[in-house]
Structures are given as C-alpha cells and as structure tokens.
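A short worksheet on the structure shown next.
All values below come from the heavy atoms of this structure, side chains included, with hydrogens, waters and symmetry mates left out. In what follows, every chain begins at residue 1, and chains take the letters A, B, ... in the order their sequences are listed.
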Amino acid sequence: MSRVQKEASRLREWFLRPEVDWDSVYTEQLPRIYNYFRFRLGRETDVEELTSRTFEKAWRARDLYRHDLAGFNTWLFRIAHNVGVDYLRNLRPQVPLESALEVVADGTPEDEISQSSDLSRLALLTANLPTREQELIALKYGAALTNRQIARLTGITESNVGTILHRLVQLLRSRW
Amino acid sequence: MRNDEFLHVLRRKPPAAFAARLKSRLDLQGTGLGERRLSVVRVLAPLFLVGGAVWAAAWFLSGEAESPWKEMNSLTEASLIAADETSISPQSSTARAPSSIAAAPANFGSGLVESHKVLPNQIEDVAAMPLPPGEARLPLEFPVPGEPVGGVAILARDLDRVGHVALVVSGRSASRPMSLSARHLYLALARNLPDPVNPRHSIPNPHRMWSSIDPALEATPISVKGPAQGSTLFNVFLDLIMEEGCDYWPSIRVLKSRDTLQYRDLCHALREDGVYSPLPAGNLAAVDAVLSNPGAVTILSYPLFAANRAALGPSLLAGASPDPETISSGRYGTSRPVLVYAGTGQTLSDEIGAILIRSRQSPGHLAYGYLVTNSGLVEISE
C-alpha cells in the first residue's frame, strides 16, 4: 500500500468515526470537574469559577476532539489540573469575604453544613500531604475517576495508584 | 459501609443554576475555531470571486497573459502559502488567477488558504485543465454529493506545486542580531521545562532573560509576539519550533509515539505570564504591533515578513535565511510543503469539503492535517 493510499485509508477511517455528543459530555463531566475542584481546594469558594474556566478553555477547541471522546476527557482533566495549579499558585493566604456567603442549591441546609464541614475537615487532614497525594484524592473521590484513568492522567502506574490511594484512605480514616 | 464511603459522600451535584448558566455560556461560545473560520470564508469568498473576475478581464484585454501553469511552476515569494489570517496572500496569489473557476489550480499552486472551499464544479474544472509538460494527474474519484463517503481524491501530488507554509522569526536588536534555534525558543516559551536535575519531571519556566537561556544571547528580557492560539500558523509554530526544541530531550521525544497527549501537554503549552503574546489579526495591526515593540522577537508568516522585511528586522533563526528558493528546496528549516486532498465528510451530506494535509519534508510524516468543512477548519487529530 503506497503512502498516499495509507493516508487516504486513515482519513476515511477518521471520517467514519462517530462524532461526540457534546451535551452528554457536558452533563457527564460537569459534576466530575466541579467536585474535582471542591476536593482539590477543600472548600466551595471559587469552585464554580474554576469549573467555568476549565470548560470554557476546553470548549473553545473541542472540535479538535470531535471524534475522540476519550482524548477529550483526558484533555479536559489536564486543563482542570493546570487551572487548579495556577489558582493555587496565585492564591493569597487571606480568606475572601465571599466564603461566608456560600449559596447552596441542593440538599437540606443541614446536609450542606455537614458536607461543607466535612470538606473542611478533609482539607485540614490533607493539607500536609504532598501535592501528588492531594491530586489523587481529588481525582478519585472528587472526579470519581477509575484508577486506570488516573494512571493515564498522572503517569503513575495503575497498581501504584491503587496502592497509594489505599494507604491514603487508611490514613484519613484513622484521623477522621 | 465501604472503607472509603466517608470520602464518596462528600461529592455533591453542581448547583442547577450554575450548570444552566455555564451551559448557556458554552452554547454561546460555540466551537470558536470553526465559526471563526466560517466567517472568514463568508467574507473572503465573494471578494475572491469578484477580484478574480475583474483581474481576468484585465488580463485577457491586456494581451500580455502568461500561462497560469507557468506561473505555478515558478515558485515566487507571493506563491508561498499564507496559511494564517494575518497573511498577505489575497493580493498576491489569488488575484492573479484568470477567473474564479479556473482559479482553482492556481489557488492550489499558491497554497490552498483555509478560507478556500473546493466545490464540485471547481473539481471538474481542475480535471479539464491542460497539464503542464511532464506532469501526470492522479485520477479524481469524487463521490457524488449526497452519497456516502467515498474515496479521497488527490488534486495535486507534487509538493512544490501545492505550496509551502513557512514561519519566520525576526526582530530588531539594540546591539546585534541574535542567532536563535528552535531549542532557544522552546526554552524561552514553554510553560514548563524539564527539570535539569531530573528531566523526567518538569518545573515552571524560570527564564526571564535571553542570556539566562544561553550566555551567547542578549541580556534583554524575553518578549515574543507570534500567531494567536488556534490559528493555522500557531499550529505550524508548535510543530516546527516548539516540538523541534522539545525533542532535544529523549525522555520527552519518546512520548510522541507513546503518549501523544502528554507529549503535547509538555511541548505545546506556552507560558501565560505575558512573555508570549499573540499578534493582532490583520496585516496592518500585526505590523504595527511589531513596530511598537522594537525589543520583541516576532514569529510570523513568510509572506508578511517578506512584505515588511525592512521594518521587521532580519531573520533570527540559525541556518539558511528564508527566501523562495530555500523554502521550496527545504533548506529553510521552519517551512514545509502542503498537500491538498479533497473528499467528502460523513456529515457533509450535500457538499464536498476539502482536506488540507500538512506535511513535513520527510516521507511518511503525514501525521495530521486539516479538514476544511462547511463549518470551518477542523484539525484532524492523530
């Protein structure tokens, strides 16, 4: 098969791949990204802003992934990671006033207070952990990714992801 | 209760109002890339048609016309492809075409600009055109509009015929011109760089001055102006300069075949601290921006550089200097020929699109290209 024929064949395959349904992607990925930031920051403040920033960046060039959902999702989390890193790097030590004005939308007020305080507790417990461990917790329990997906994103082997997370859960549970 | 249930229960649904607000913002944003290109098509296509017709009339009346094939064969500065929106190609290449329909091969010869759309009647005209001596035409196998995807037809096979896309790095120096390599530029512009202690890890780009990258360079702050993200020229810049510089590290180079996403993440992410800033769209605005920042290094398309060479300063890239001869022969490093393919897309039920394949000099490096659809330019991922 000549180079040109191979290229034509590749292009034909590309054409025939189904296109991504972006509405479904949004519905599925929004809670993941949203909770990823909640777990990563350990609070509710700025979570919506960072989630918006991530989606807007990704949406701008989503056509590049119109036939590659897996590639898009991986890319989306890479953007979220970078957005989070930038945010945390520029974060000032002060607590913004807005944090006292959290607006809750789902669940009872009691549930929200309980969840919020548990999130703060998690933030306290993970504050001294290395960044990588904090990231793994956010990806596993915030974004609800599988160990395989986390391995692909972080470059750590799947078995190592499982081992590290197991150790972290034991640690957090003992102090909870 | 699962061992980690206390962590699972911390998840919560995003507030519905926020989800709806963000969704509507994203819907308004659209695909960006495609829509911007589409608007270019809408604006430029009528201009090309009118301009081509007017020129054709003058061309025939003057009686001094030369064969369009002859023009195609001689690769002039103006015939180098202008692949981005800041290029100056419409004046030079497209306007020379004798008519809008017969302009098709001349357009391919001078490079298919992304705003160009190949239509079935143009394809037929291409097939009817006489071939230049010694040239063979590959069979055109265009499917009928409305029918399922057929083959991919090749409109041109000689890379030099199709055109080239070339980048120029230029700048005016207060002291002496710098001689830059792709690696210098990568080290200046990448958001993260391999950790010198452990190249498998990366660190935020620490360089502020050119001289901190290489003592042989100027002790001036790094400031680079270049193509806007998402533009065709920007992608070429990533491929020909950033990747070239990035590939210096074997541990990164192997990722190109093993983990494309991570490779792109490492090699394509530019710093966001203002060191790199996009040139504004439009030739005049771009040149103005360059002139108002005399200390900046500028990355721009060859046609724009050639048209403003005196004002922009010399080429700073080490090696052959850019001119039509070095670009067409492949001796100028940051250029590459362009292949043009055409075919139908699965979703294009009633119109034929064209695929613009970008290729490097080396055979077999047709890694990816562009699909020109009715909704704009779409990059084909690997």
Which value, rounded to the nearest 0.5 Å, describes the distance between [X] atom [atom1] and [Y] atom [atom2]?
X       : Y       : atom1 : atom2 : result
A:Arg32 : B:Arg11 : CZ    : CZ    : 7.0 Å
B:Leu26 : A:Asp23 : CG    : CG    : 10.0 Å
A:Asn35 : B:His8  : CG    : NE2   : 12.0 Å
B:Leu22 : A:Tyr34 : CG    : OH    : 12.0 Å
B:Asp27 : A:Trp22 : CG    : CH2   : 13.0 Å
A:Phe55 : B:Lys23 : CZ    : NZ    : 10.5 Å

| Derivation and outcome, salt bridge (charged side-chain N to carboxylate O under 4.0 Å, His left out), residues A:Arg173 and B:Asp4 | CA-CA 8 Å; A:Arg173 191 171 171 75; B:Asp4 54 1; over 6 Å; no
| task | Please list, chain by chain and in numerical order, all residues satisfying salt bridge (charged side-chain N to carboxylate O under 4.0 Å, His left out) with A:Arg78, sequence neighbours excluded. | result |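 A:Arg78 satisfies salt bridge (charged side-chain N to carboxylate O under 4.0 Å, His left out) with no residue once adjacent residues are dropped.
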| Would a distance-only check, ignoring hydrogens and angles, find a side-chain to backbone donor-acceptor pair under 3.5 Å from A:Arg38 to B:Leu10? |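 Side chain of A:Arg38 to backbone of B:Leu10, a donor-acceptor pair under 3.5 Å: yes, one is there.
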| task | Over all heavy atoms of both residues, which pair between B:Phe18 and A:Ser52 is shortest? Give the atoms and the distance, please. | result |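 In this case the closest contact between B:Phe18 and A:Ser52 is CE1-OG, 3.3 Å.
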| Considering all heavy atoms of both residues, which atom of A:Pro31 and which atom of B:Pro14 are nearest to each other, and what is their separation? |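 Heavy atoms of A:Pro31 and B:Pro14 come nearest at CA-CG, 3.8 Å.
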| query | What residues of residues 131-152 of chain A sit under 4.5 Å from chain B when you count only heavy atoms? | reply |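 Within residues 131-152 of chain A, the residues that come under 4.5 Å of chain B (heavy atoms only) are A:Tyr141, A:Gly142, A:Ala143, A:Ala144, A:Arg152.
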| message | Among A:Leu172, A:Ile33, A:Leu153, which residue has the highest count of heavy-atom pairs closer than 4.5 Å to chain B? | response |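 The option with the most such pairs is A:Leu172.
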| query | Side chains of A:Val169 and B:Phe6: closer than 4.5 Å at any heavy-atom pair? | reply |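 A side-chain contact under 4.5 Å exists here.
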| query | By a 4.5 Å heavy-atom criterion (distance strictly below it), what part of A:Leu30 contacts chain B: side chain, backbone, both, or neither? | reply |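 Both parts, backbone and side chain.
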| field | Residues A:Glu48 and B:Arg25 bridged, charged N to O under 4.0 Å | value |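 Result for this pair is no, no salt bridge flagged.
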| Is it true that atom CG of A:Asn128 has more than 12 heavy atoms of other residues, nucleotides or ligands lying nearer than 6.0 Å? |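 Not more than 12 within 6.0 Å, no.
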